[in-house]
Amino acid sequence: MLSLEQVKQSLESAGQSHVLQFWPELSEAERERLLQELSQLDLQGLKEHCEGAARAAACPAASLDHCIEPVAPESIGSVRTSDKASVAQWENEGLLQISENRVGVLLLAGGQGTRLGVQYPKGMYNVGLPSSKTFYHIQAERIHKIQELAERKYGSKCTVMWYIMTSEFTLAPTEKYFKENNYFGLDSSNIVMFEQRMIPAVTFDGKIILQEKGKIAMAPDGNGGLYQALVDNKVLEDMKKRGVEYLHVYCVDNILVKMADPLFIGFCVSKGADCGAKVVEKAYPAEPVGVVCRVQGVSQVVEYSEIKPETAELRGPGGDLIYSAGNICNHFFTRAFLHDVAEKCGQLKQHVALKKVPFVDTCGNQVKPTKPNGIKMEKFVFDVFPFSRNFVAFMVVREDEFSPLKNAEGAATDSPNTARNSLLAQHCRWAIAAGATLLDEHGNTIPPPASVSAGDNPPARCEISPLVSYFGEGLEQLLKGRTLPTPLILDNERAKKLQAE
Ligand code: UTP
């Protein structure tokens with residue numbers, strides 16, 4: 001730990017002396033905690049960080065219209081338009097890699113989930129499924145199932161390593177939750193949790209914000225903090241030791257995530273890619289999602305705010321949007337690529353997020369701002385795409401694979417309600433496609449639901465455990481020709497009963 005004198009000097013040279021303004025009022029314990037916090041900061045880089053944050057906040061995003069192009073046709077695949085033989089070949093390749101223990105998944109779970117507004121990690125959120133399963137629980141079961149499918153196909157027992165990036169906010173509760181739930185039946189030695197770094201939030205003129213008299217307002221450094229965290233926690237060494245060559249990186253809050261998706265992995269491996277992104281078609285030109293494309297020939301994600309509406313609206317001869325590859329934070333990386341980018345962490349772009357950061361004013365009063373007052377600098381996980389030597393994108397069907405939870409109940413989009421309904425609608429579709437007739441509470445036959453939006457009626461409450469089916473497979477033998485009332489929870493126990501009938 002640094003001494004008070006050392007900290008004072010560094011703060012002074014960074015123009016941040018106000019951080020110690022309330023020092024005389026602090027208790028011994030508070031002083032020790034603050035010194036500890038300040039010692040962990042990169043005080044040398046602090047000046048640059050604060051000035052950079054202030055500069056970035058002051059200038060509008062550059063317009064990229066003149067230099068963007070869509071992903072090259074040879075670098076993009078699509079589940080909808082590829083022939084069946086190619087799809088089967090990619091899937092088999094993916095399952096083969098999984099069966100040989102060469103595939104791991106990496107969960108980005110360090111975010112604070114401020115829009116959702118709960119005081120615990122988003123992965124522990126229950127969106128109100130009939131089974132009451134949380135995101136972490138569902139994801140653990142998908143790992144179980146994909147291991148089983150690969151084992152069954154290639155006859156070798158295998159492991160999909162689960163790496164979980166957390167932050168100061170999420171590590172302890174996540175660890176506790178996994179332990180209390182006995183790691184959802186997974187072997188705890190195949191789950192590695194690690195922590196990303198935190199950085200201070202600053203005001204628009206570049207001053208560190210004090211959250212309390214003796215505490216700096218800190219926030220995780222964005223999901224692109226992953227690359228530094230991989231180095232800090234020796235995760236790449238762990239992957240090497242275990243022979244994990246390919247990583248599927250995903251966000252905690254997509255209830256439909258196909259973890260270690262063999263089709264996506266197989267596509268990327270077959271194309272010899274070092275880096276890949278799963279994408280969905282943009283729903284409409286102004287949808288505020290990043291688009292995977294090329295800027296001056298280099299693959300990257302461009303935000304909606306970085307291009308003009310006219311560019312977002314451009315359509316090709318067939319009427320499809322030219323910039324339609326919506327980024328859904330589902331990425332493929334080879335270990336070798338991650339090794340390369342780990343050395344370039346420092347070069348990653350910093351994005352500015354304007355946030356409401358509670359603070360103490362100069363008179364020592366606690367203030368809860370009603371409009372953004374602070375800047376959090378974040379790195380994004382996709383900002384390594386430009387380093388790729390062979391980048392590919394893979395287009396999948398939104399209603400099958402993407403429904404994130406971002407907002408609190410009541411919001412029009414990306415809420416617990418929409419997340420729950422998209423999963424239930426998908427499971428109804430699977431059951432009906434497998435030959436089941438589902439009945440509602442009045443005994444009426446339920447037609448297959450399409451995708452759902454917040455205004456729709458909730459689909460029938462049909463939930464299929466990932467332990468029974470990973471992505472709709474294997475249901476015919478259980479459900480064909482059956483008429484089943486809903487609510488229906490098809491878990492292993494129910495599946496056994498149906499088989500015995
Ligand atoms: P979001 O950008 O949606 O952030 O993260 P969030 O924390 O979930 O929610 P808000 O913006 O505060 O409301 C997308 C994914 O990246 C992870 C999140 O946990 C989520 O899986 N993430 C985000 C990190 O792992 N670290 C971060 O610093 C930020």
Side-chain angles (χ1 to χ4, degrees), residues 49 53 105-125 127 134-136 138-139 162-175 177 192-201 217-230 232-233 235 247-257 259 277-278 288-290 301 303-305 326-331 333 345 348-358 372 374-384 401-411 413-416 418-419:
H49 168 79
V105 290
L106 191 144
L107 165 60
L108 301 168
Q112 289 172 285
T114 44
R115 285 167 288 175
L116 182 63
V118 291
Q119 295 308 310
Y120 53 84
K122 231 194 241 184
M124 289 164 57
Y125 194 82
V127 296
T134 60
F135 286 86
Y136 285 151
I138 296 170
Q139 291 171 20
W162 196 1
Y163 295 97
I164 304 181
M165 182 173 83
T166 58
S167 63
E168 195 180 293
F169 296 106
T170 57
L171 179 60
T174 298
E175 270 177 344
Y177 182 68
V192 173
M193 293 186 197
F194 59 99
E195 214 176 318
Q196 68 180 106
R197 290 190 184 180
M198 307 279 285
I199 49 172
M218 299 283 280
D221 57 353
N223 57 22
L226 169 67
Y227 307 102
Q228 184 65 55
L230 290 177
D232 290 348
N233 300 285
V235 176
L247 211 52
H248 175 208
V249 174
Y250 69 100
C251 292
V252 70
D253 49 20
N254 175 14
I255 199 161
L256 301 180
V257 65
M259 297 161 66
K278 224 186 227 195
V289 296
V301 173
E303 299 291 344
Y304 180 67
S305 55
N327 178 40
I328 56 169
C329 195
N330 252 273
H331 306 312
F333 299 120
C345 304
L348 286 189
K349 190 170 149 184
Q350 298 271 3
H351 299 257
V352 175
L354 304 182
K355 305 259 179 175
K356 293 180 225 163
V357 186
I375 304 167
K376 287 182 180 174
M377 297 295 279
E378 292 186 328
K379 291 175 180 156
F380 291 164
V381 70
F382 55 69
D383 277 330
V384 297
E401 302 209 26
F402 185 55
S403 178
L405 171 65
K406 299 289 181 195
N407 305 311
E409 199 67 274
T413 54
D414 303 342
S415 69
T418 56

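For ligands, and for the atoms within them, numbers begin at 1 and follow the listed sequence.
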Return the option from Arg115, Lys379, Lys355 holding the heavy atom at the smallest distance from atom 2 (O) of ligand 1. Arg115

Partner residues of Lys356 under the salt bridge (Lys or Arg N to Asp or Glu O under 4.0 Å) criterion, sequence neighbours left out: none

Output yes when the distance from some N or O of ligand 1 to some N or O of Glu378 is under 3.5 Å, and no in every other case. no

What residue and heavy atom of the protein are closest to atom 24 (C) of ligand 1, and at what distance? Gly111 N, 3.3 Å

Tell me whether Gly222 has any N or O atom under 3.5 angstrom from an N or O of ligand 1. yes

Under 3.5 Å, side chain of Thr174 to main-chain N/O of Thr170, donor-acceptor pair present? yes

Answer with yes or no whether Ala109 contacts ligand 1, where contact means a heavy atom under 4.0 Å from a ligand atom. yes

Identify each donor-acceptor pair in which a side-chain atom of residues 250-257 lies under 3.5 Å from a protein atom, sequence neighbours left out, and give them as a table.
| unit_1 | atom_1 | unit_2 | atom_2 | d |
| --- | --- | --- | --- | --- |
| Tyr250 | OH | Gln139 | OE1 | 2.8 |
| Tyr250 | OH | Trp162 | NE1 | 3.1 |
| Asp253 | OD2 | Lys122 | NZ | 2.8 |
| Asp253 | OD2 | Lys406 | NZ | 2.8 |
| Asn254 | OD1 | Leu256 | N | 3.1 |
| Asn254 | OD1 | Ser403 | N | 2.9 |
| Asn254 | ND2 | Glu401 | O | 2.8 |

Using a plain distance cutoff, I'd like to know if Leu108 has any nitrogen or oxygen under 3.5 Å from a nitrogen or oxygen of ligand 1. yes

Between Thr166 (side chain only) and Phe194 (backbone N and O only), is there a donor and an acceptor less than 3.5 Å apart? yes

Atom indices of ligand 1, in the order listed, that fall short of 4.0 Å to a heavy atom of Pro220: 28 (O)

Filtering Pro404, Ser167, Gly110, Ala408 for the heavy atom nearest atom 25 (O) of ligand 1 leaves Gly110

Proximity of Met165 to ligand 1 by residue part, where a heavy atom lies under 4.0 Å: side chain

Based purely on interatomic distance, does Leu116 place a nitrogen or oxygen under 3.5 Å from a nitrogen or oxygen of ligand 1? no

